Amino acid sequence: MKRPPTVTVVILLIASITFAKKTCGDESSPSRPNILFIVSDDHGWGDLPSNWDKTEVQLPTLEALASKGVRFPNYHTVPLCGPSRACIFTGQFSTENGMWRGPGQQSLGSPGYRGIKRDVKMLSEHLSEAGYQTGAFGKWHMGEHDGEVPNDRGFDEFRGFLKGAHPYWITEARSKFMHNREPDRTSKGHATELFTGWAEKFIRENAAKDDPFFCYLAYNAVHGPLRVDKSKPASAPEAWVNKALDRGVSFLRSDYVAILEHMDHNIGRLIDLLDELNVAENTLIVFVSDNGGCTMEENAAGGRFPGNNGPLTGGKATTYQGGLNVPLLMNWKGRLPAGMVSGDQVMHCDIFATLLDAARIPVPQMNGKNPVRGMSLMSHMLSAGKETIPERTMIFELWGNIGLRKGDHKLWSQIGREHSPNWAALVAELRQTDLALFDLGKDVAEKTDLRTELPDVYTSLKTELIDHLSNINTEYPGGGSLKVLNKENSKPPKTTTTPTTKRRSQEQFFKSRDRDGDGAITLDEFIGNPEGRNVPALTKRFKNMDSNGDGKLHLDELNEQTK
């Protein structure tokens with residue numbers, strides 16, 4: 001029977017309201033929430049009290065966010081600062097987005113270059129293009145070359161430092177802080193308090209505007225330097241250290257505990273601010289640690305500090321669970337269910353997808369020339385877990401430390417750091433290496449290798465790992481590719497006497513030398529890495545080829561040499 005037009009309109013209206021409720025909580029939700037995204041540094045899984053009740057750390061602000069929001073005790077990340085942040089901001093594995101290790105000093109296109117690929121669009125760029133007011137405060141550690149700094153990657157304002165570590169006490173003589181693109185020589189005080197103050201100012205300025213804000217607050221707490229020797233000063237304010245000592249925290253842990261508790265107190269300032277400004281109900285808060293804690297039992301990257309990863313083996317810079325499994329909380333007052341604890345397995349790439357989804361931005365299938373691996377957690381949270389996260393393969397790599405998890409099964413090995421990021425060489429090594437297989441559902445400490453007991457599971461997971469590493473697109477736009485730049489794989493181009501092949505060879509040469517992709521080669525680009533090269537002869541050759549004397553080589557000038 002044919003429905004009257006009015007009935008059809010009513011049905012469509014009900015459907016649209018249902019969709020709005022599913023995605024926002026109810027039909028009155030604004031279309032784009034503010035986002036306060038907070039990242040702690042080297043904060044282990046066991047030092048969030050609701051994860052591990054044996055910790056001495058007291059974090060009332062974070063515990064309140066967890067009890068009134070959603071906690072993910074099964075969240076996974078890459079075990080190093082730079083790569084973990086890159087995965088969060090790109091939605092991709094570190095093997096794919098170009099940040100396979102922390103960012104290096106090499107320029108784009110140089111051998112061993114480490115940095116987010118220029119054709120990969122970052123979370124901040126998506127949000128900025130969608131109309132968000134964007135501010136980044138604290139630690140960046142996702143590149144410091146032109147094209148890599150926060151103001152080049154979607155942020156309207158940046159105050160903080162670009163590298164991986166910084167002292168907590170800031171003076172004019174002891175600061176590498178930046179304000180946007182310029183050195184900041186005037187800020188003084190404790191880094192945690194400065195970062196919080198700048199974030200507070202940004203939120204106050206933007207809360208009343210029509211456009212939503214994205215405030216990215218990346219503390220260096222609880223990264224070193226930390227005091228573990230009585231002859232050295234503490235990194236935390238003295239009052240916070242004394243609070244820890246007075247209740248029986250050991251000296252060894254006192255500075256570490258104080259830094260975390262001081263950070264928690266400062267986060268509380270911002271939570272109170274959202275209530276004061278009446279924007280809490282339209283602000284999604286995300287808190288996450290970048291990677292596992294450094295422990296005294298292992299010589300982990302970033303120093304040996306008394307972090308607590310609970311019952312997990314390993315820590316920062318290892319792909320054991322202690323390096324991968326860290327705190328993650330999400331809170332959206334009146335929208336997300338209160339007190340939800342998700343047992344589903346989630347990962348760094350999901351934050352990218354979740355924040356885009358919350359901001360009503362379509363999650364892309366590709367980012368650059370590799371897939372987006374993250375999926376939005378919004379529906380999972382809004383359904384109070386009834387909509388589950390499908391089982392996925394999660395792959396983590398750092399310096400030849402390999403971790404692959406699918407369901408409760410995890411494949412692990414330490415192949416050796418000499419192969420990264422030469423994925424072809426890593427695959428060759430993997431093929432002849434016996435990896436360990438753990439059942440994390442029964443063995444969270446990763447003690448019992450089940451490789452010989454579960455041969456089918458082992459073979460299947462190893463095949464997935466090799467397939468992934470064999471099919472990564474390694475191209476850096478404007479700078480060649482890691483496969484070409486890697487010495488083991490590099491071969492000089494073949495030459496023939498045919499004019500067409502000569503032209504093609506010059507085009508290949510031009511593309512490989514034009515590091516920044518601007519259509520011209522400078523003298524520095526022409527010479528490349530000067531080590532072991534005849535720089536005077538190359539300079540003379542460059543000047544001879546530079547027919548118009550403008551200090552740059554264009555493709556037609558190269559082709560002129562072959563005629």
Side-chain angles (χ1 to χ4, degrees), residues 36-77 192 196 217 219-223 226 235-237 239-272 285-297 305-316 321-333 336-344 346 381 385 444-445:
L36 173 57
F37 181 26
I38 305 169
V39 179
S40 60
D41 200 342
D42 297 354
H43 178 183
W45 186 91
D47 278 322
L48 180 69
S50 50
N51 276 352
W52 187 244
D53 60 9
K54 296 180 182 179
T55 180
E56 319 99 301
V57 179
Q58 297 177 1
L59 305 175
T61 301
L62 292 180
E63 290 298 284
L65 287 175
S67 66
K68 297 174 183 177
V70 183
R71 178 166 60 92
F72 293 90
N74 226 341
Y75 168 78
H76 296 69
T77 186
T192 298
T196 305
L217 175 57
Y219 291 109
N220 56 328
V222 63
H223 193 293
L226 296 176
S235 285
W240 290 89
V241 175
N242 290 337
K243 281 183 183 181
L245 291 171
D246 289 347
R247 66 171 192 268
V249 175
S250 69
F251 174 83
L252 187 63
R253 284 266 288 173
S254 60
D255 198 18
Y256 178 95
V257 169
I259 284 287
L260 279 179
E261 294 183 350
H262 181 230
M263 176 194 73
D264 183 83
H265 171 77
N266 277 272
I267 293 173
R269 288 171 49 188
L270 299 178
I271 304 306
D272 291 343
I285 303 168
V286 178
F287 172 86
V288 70
S289 171
D290 62 349
N291 48 249
C294 301
T295 66
M296 297 303 294
E297 289 74 34
F305 300 118
N308 180 359
N309 297 317
L312 310 176
T313 295
K316 179 175 181 176
Q321 288 300 102
L324 305 181
N325 203 174
V326 297
L328 171 64
L329 312 172
M330 294 196 190
N331 183 292
W332 187 353
K333 189 175 182 179
L336 298 182
M340 174 182 167
V341 180
S342 171
D344 288 23
V346 298
M381 293 188 290
V444 70

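These figures come from a predicted structure and were not determined experimentally.
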Hey, does the side chain of [X] reach the backbone of [Y] with a donor-acceptor pair shorter than 3.5 angstrom?
| X | Y | value |
| --- | --- | --- |
| Asp42 | Cys294 | no |
| Asn331 | Leu65 | yes |
| Thr313 | Ala445 | yes |
| Arg71 | Ser50 | yes |
| Asp255 | Ala236 | yes |
| Arg253 | Ala244 | no |
| Trp52 | Trp45 | no |
| Asp290 | Val39 | no |

Separation between [atom1] of [X] and [atom2] of [Y], rounded to the nearest 0.5 Å:
| X | Y | atom1 | atom2 | answer |
| --- | --- | --- | --- | --- |
| Ile38 | Ser289 | CD1 | OG | 13.0 Å |
| Asn291 | Lys316 | CG | NZ | 5.0 Å |
| Ile285 | Leu36 | CD1 | CG | 5.5 Å |
| Ile267 | Leu217 | CD1 | CG | 7.0 Å |
| Gln321 | Asn74 | CD | CG | 7.5 Å |
| Met263 | Asn220 | CE | CG | 10.5 Å |

Considering only heavy atoms from C-beta outward, does the side chain of [X] approach that of [Y] to under 4.5 Å?
| X | Y | value |
| --- | --- | --- |
| Leu328 | Val286 | yes |
| Leu48 | Glu63 | yes |
| Asp272 | Arg269 | no |
| Thr196 | Tyr219 | yes |

Check your understanding: With Asp47, which of Asn309, Val222, Thr55 fulfils side-chain contact (heavy atoms from CB on, under 4.5 Å)?
Key ->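 Considering Asn309, Val222, Thr55, a side-chain contact (heavy atoms from CB on, under 4.5 Å) with Asp47 is found only for Thr55.
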
Quick check: closest heavy atoms across [X] and [Y], and the distance to 0.1 Å?
| X | Y | value |
| --- | --- | --- |
| Gln58 | Arg247 | NE2-NE, 3.2 Å |
| Pro49 | Val57 | CG-O, 3.3 Å |
| Ala66 | Leu329 | CB-CD2, 3.7 Å |
| Pro73 | Asn325 | O-ND2, 3.1 Å |
| Tyr256 | Asn308 | OH-N, 3.9 Å |

Exercise for review: Run the numbers on His43 and Leu59 for side chain to side chain contact (heavy atoms under 4.5 Å, CB included), then give the verdict.
Suggested key: CA-CA 12 Å; His43 178 183; Leu59 305 175; 4.1 Å; yes

Review point. Is there a donor in the side chain of Tyr75 and an acceptor in the side chain of Ser342, or the other way round, less than 3.5 Å apart?
Key: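 Distance-only check fails for Tyr75 and Ser342.
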
Review point. Under 30°, 30 to 60°, or over 60°: which ring-plane class applies to Trp240 and His265, parallel, tilted or perpendicular?
Key: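 Rings of Trp240 and His265: tilted, 30 to 60°.
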
Check your understanding: Is it true that Glu261 and Lys243 have a side-chain N and a carboxylate O under 4.0 angstrom from each other?
Key ->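 Not counted as a salt bridge, because no side-chain N and carboxylate O are separated by less than 4.0 Å.
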
